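Beneath this line is the structure, given in structure tokens, with notes to follow.
Quick note: numbers below take in every heavy atom, side chains included, and nothing from hydrogens, waters or symmetry partners. Small disclaimer: the values here were computed from a predicted structure and weren't measured. Reminder, nothing fancy here: chain letters follow the sequence lines and each chain counts from 1.
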Amino acid sequence: MSIYDTLNEQQREAVFCTEGPLLLLAGAGSGKTRVLTHRIAYLIEQGVNPYHIMAITFTNKAAREMRERVDALVGSGAEHIWVSTFHSTCVRILRRHIDKLGYDNSFTIYDSDDQKSLIRGICKQFRVDTKSLPERAVMNAISSAKDEFMTPGEYETRYNFDFKKKKIAEIYKEYQKQLKANNALDFDDLLFKTVELFQFHPEVLDYYQERFRYIMVDEYQDTNTIQFQLISMLARKYQNLCVVGDDDQSIYKFRGANIKNILNFEGVFQDAEVIKLEQNYRSTKNILNAANEVIKNNKGRKEKALWTENDDGDSIVFHQYGTEYEEAGQIVEEIGRLAKDGVNYKNIAILYRTNAQSRIFEEKFMIKNIPYRIVGGMNFYQRKEVKDVICYLKAVDNGLDDLAVKRIINVPRRGIGATTIDKVQTYAIEQNIGFLDACFEARQIESLANAKRKIEKFSELIADFREQAQKGSLEDLFHYILKQTGYVTGLEAEGTEEALVRIENINELLNKIVAYEEAAEDPTLSGLLEEIALVADIDSLEDSDNRVVLMTLHSAKGLEFPYVFMSGMEDGIFPSYMTIISEDQEELEEERRLCYVGITRAKERLYLSAAKRRMMQGRTQFNKVSRFIDEIPQELLKLDYGVNLNDKRPDHDIFSSNRRTQFRKPFQKHQFAEPKAESLSYGAGDRVSHIKFGQGTVMEIVSGGRDYEVTVDFDKHGVKKMFASFAKLKKTEQN
DNA sequence: AACCATGTACTTTTT
DNA sequence: GTACATGGTT
């Protein structure tokens, strides 16, 4: 009896095939993680030093789970296996060697928001007409170029006949220049620079080739060109590369995923073994058949037939509702019923095409008091207050990070405005130094008048934080920064509910910092910031958390749930409008693969739903039922168009939509709506005088949140609205 | 410099 | 419908 007895024939074959390149075509739910973990166990059993084994996953969550499962299987030694994501892997390598490429090893990682601000700045600087060339397009173009391992120079040569692309090449060049000046790398750079490092420094490549003699890559269908480049470089020497993927689940083409990586694997790695895992252990026959029938409509795919020994199971339920409010309401009702029947909330997932669709569900869950968790959308670390505090930490960690410094220089308010910042920046450029260093030299900047002292005070503050960073723990530093800047005090003074939520978020950030400090072997500020930069929302999804999970179909990849609701099954939503109007047939096929991914997440029961009428971007849209629904054979579906088809009572929906605002600010209290100043010395109908507009008659006084809004009809300037505390109106004698 | 009011663009999906 | 950018006002 061995641990391998529980595997089926193909799985066992894959586990025992340890030498040479191996392509594992693993259908949804075919137990690929089991194969990978058992394969690692087998390698170790065969005498391979765990130190020589590397497994690359797509998310941190997948990496963590794999490590746990390997730990359970092999016991000691497993901690030496390198299990991580592409991005973390690259960071680890670059932290040791990037100085060879002229960067400082303590580089900062820029997220997409940082990326955007940097590009925005460059577009302004170059006077780019962002109407014809939006920043977003520039960003995507640069990102794609990096995915294809194309330098700015190469980009320029390649596209020099195209006016727009030439412009993009210029921006790309400047963008890289500024990143380097800020000692920062964006997400794409992490891979790009690692490949570059291996290219220009064969001795470094050789070191890692020796180290990673056995490489495994999960979710291989979603790798892009540069990721492929990276792993093929590493595997070149020993050729022990095992990739696991499913071409039917390739859903990241928009992000550069290159399906050729999987389709041409055998061409690139000669003598590659190919093993197919086609038995599904996850879903019922009905669910699996539906998935097969849908994906069958795609042309560009490797033929395969997923099968299962599981029961037929329940029929798939399909409802078309009148509106999205009904849809969400009924789904939440059904979830309530399931819970009553003893189903755990965490066994239920709601999937949708776009993050924006989550909002209505959130309302309904709040009303029904059902615990839920929304994955994705606005990331915790993207919130303003969290980002502000992080930028203080960044400024302490990497003084060259101009973006971080500029973000916080006037947060909280220090009276440092755009003009002052420009002056400092000009000086920095003249002296060829970083922005913060320019602040330290404020004394030499002649153009600064009154602002000089403010800048000096700010740079002293940062210097003080640096000193503190040397002395104490990260937690101490965090408290010290909050205390010295008065950030939380300021929020407390605001007293609004929103401010209280922000304070909570800052406390949450503190919890994360403390947790990091406890968990990390050698906690450092750089390490903390790195971890923050590389976490995805999905990574924090804990199995112990008993809540209904809501997320996009993309985020759901790799997960499974007994009960799955796929909502918004409408042409124009899913498949999305963009892919319907696109001439490129491939795009619709990608949507279909996404649908396949969604269906195959379900283990026991699948609910599909659509709305006839849906509000999108403030407009009502009438959508047809998704073409993907038509591709599912009728006999698998329990059709139920009936219920609300003739419902002519939209009032209910409008009612709940109006109540929305209340639920978004659930703790709205009135105690803070303190009517401002004493009463005013004038009233409606009185004659008043204004310093600029002269004489006028008061038309109306409205008592706003913290001030009176006064409408005055001025004799010479007409009707104006103004706030009493600013306007300084004086009552004058009546005519 | 800071604040508010108004206008505009956005939505595909994310490590 | 919202988040952000802009312009006007003190």
Quiz item: Rounded to whole angstrom units, what separation is found between the CZ atom of A:R614 and the C1' atom of B:dT12?
Solution: 14 Å

Exercise. Could you tell me whether the phosphate oxygens of C:dA5, OP1 or OP2, come under 4.0 Å of any side-chain nitrogen or oxygen in A:R120?
Key: yes

Practice problem: Look at all strands and tell whether A:E591 reaches a base, only sugar-phosphate, or nothing, counting heavy atoms closer than 4.0 Å. | Solution: base

Self-check item: Side chain A:R614, main chain A:E324, donor-acceptor under 3.5 Å
Solution: no

Quiz item: With a centroid cutoff of 5.5 Å and a plane-angle limit of 30°, would you call A:F254 stacked on B:dT13?
Solution: yes

Quiz item: Are A:S576 and B:dT11 close enough that a side-chain N or O sits under 4.0 Å from OP1 or OP2?
Solution: no

Quiz prompt | Pairwise C1' distance, C:dT6 and B:dT11 [rounded to whole Å] | solution = 23 Å

Quiz prompt | First of A:F187 and A:R414 reached from the 5' end of DNA chain B, by closest nucleotide | solution = A:R414

Exercise. Could you check how far CZ of A:F628 sits from C1' of B:dT12, rounded to whole Å?
Key: 13 Å

Quiz item: Taking atom P of B:dT11 as reference, at what distance in whole Å does atom CD1 of A:I573 sit?
Solution: 15 Å

Quiz item: Rounded to the Å, how far apart are A:I538 CD1 and B:dT13 P?
Solution: 15 Å

Quiz item: Can you check whether A:T552 has a side-chain N or O nearer than 4.0 Å to OP1 or OP2 of B:dT12?
Solution: no

Quiz prompt | Donor-acceptor pair between A:E385 and A:N505 side chains, under 3.5 angstrom | solution = yes

Quiz prompt | Phosphate contact (B:dA1 OP1 or OP2) by A:T419 side-chain N/O below 4.0 Å | solution = yes

Exercise. Report the residue (A:A418 or A:H554) whose heavy-atom-nearest nucleotide on DNA chain B is the more 5′ of the two.
Key: A:A418

Exercise. Could you check whether A:R619 gets within reach of a base, just the sugar-phosphate, or nothing at all, counting any heavy atom under 4.0 Å?
Key: nothing

Self-check item: Short side-chain donor-acceptor distance under 3.5 Å, A:D218 and A:T57
Solution: no

Quiz item: Reckon A:I416 touches a base, only the sugar-phosphate, or nothing at all at heavy-atom distances under 4.0 Å?
Solution: sugar-phosphate

Quiz item: Base, sugar-phosphate, or nothing: which does A:S112 touch, judged by heavy atoms less than 4.0 Å apart?
Solution: nothing

Self-check item: With A:D114, the salt bridge (Lys or Arg N to Asp or Glu O under 4.0 Å) member among A:K387, A:K406, A:R120, A:R407
Solution: A:K387

Exercise. Could you give the distance separating B:dT12 and C:dA5 at their C1' atoms, to the nearest angstrom?
Key: 24 Å

Quiz item: Do A:F254 and A:H554 have ring centres separated by under 6.0 Å?
Solution: yes

Quiz prompt | Presence of A:N355 side-chain N/O under 4.0 Å of B:dT14 phosphate oxygens OP1/OP2 | solution = yes

Quiz item: Is the distance from OP1 or OP2 of B:dA1 to the nearest side-chain N or O of A:R413 less than 4.0 Å?
Solution: no

Practice problem: Rounded to the nearest angstrom, tell me the gap between atom CD in A:E589 and atom C1' in B:dT13. | Solution: 17 Å

Exercise. Taking the six-membered ring for Trp and the full ring for Phe, Tyr or His, determine whether the centres of A:F86 and A:F187 are under 6.0 Å apart.
Key: no

Quiz item: Could you state the CG-P distance from A:D188 to B:dT14, rounded to the nearest angstrom?
Solution: 16 Å

Quiz item: To the nearest angstrom, how far is A:L553 atom CG from B:dT14 atom C1'?
Solution: 14 Å

Practice problem: Quick one: label A:R593 by what it contacts on the DNA or RNA (base, sugar-phosphate, nothing), any heavy atom closer than 4.0 Å. | Solution: nothing

Exercise. Determine the contact category for A:N410: base if any of its heavy atoms lies under 4.0 Å from a base atom, sugar-phosphate if only primed atoms, P, OP1 or OP2 are that close, otherwise nothing.
Key: sugar-phosphate

Exercise. Check whether any side-chain N or O of A:R136 sits under 4.0 Å from OP1 or OP2 of B:dT11, and answer yes or no.
Key: yes

Exercise. Check every strand shown and say whether A:F86 touches a base, only sugar-phosphate, or nothing at a heavy-atom separation below 4.0 Å.
Key: nothing

Quiz item: Side-chain N or O of A:S555 less than 4.0 angstrom from OP1 or OP2 on B:dT13?
Solution: no

Quiz item: Atom CE of A:M615 to atom C1' of B:dT11: distance rounded to whole Å?
Solution: 16 Å

Quiz item: Got A:V549 and A:V375 here, is their nearest side-chain heavy-atom distance under 4.5 Å?
Solution: yes

Quiz item: Base, sugar-phosphate, or nothing: which does A:A536 touch, judged by heavy atoms less than 4.0 Å apart?
Solution: sugar-phosphate

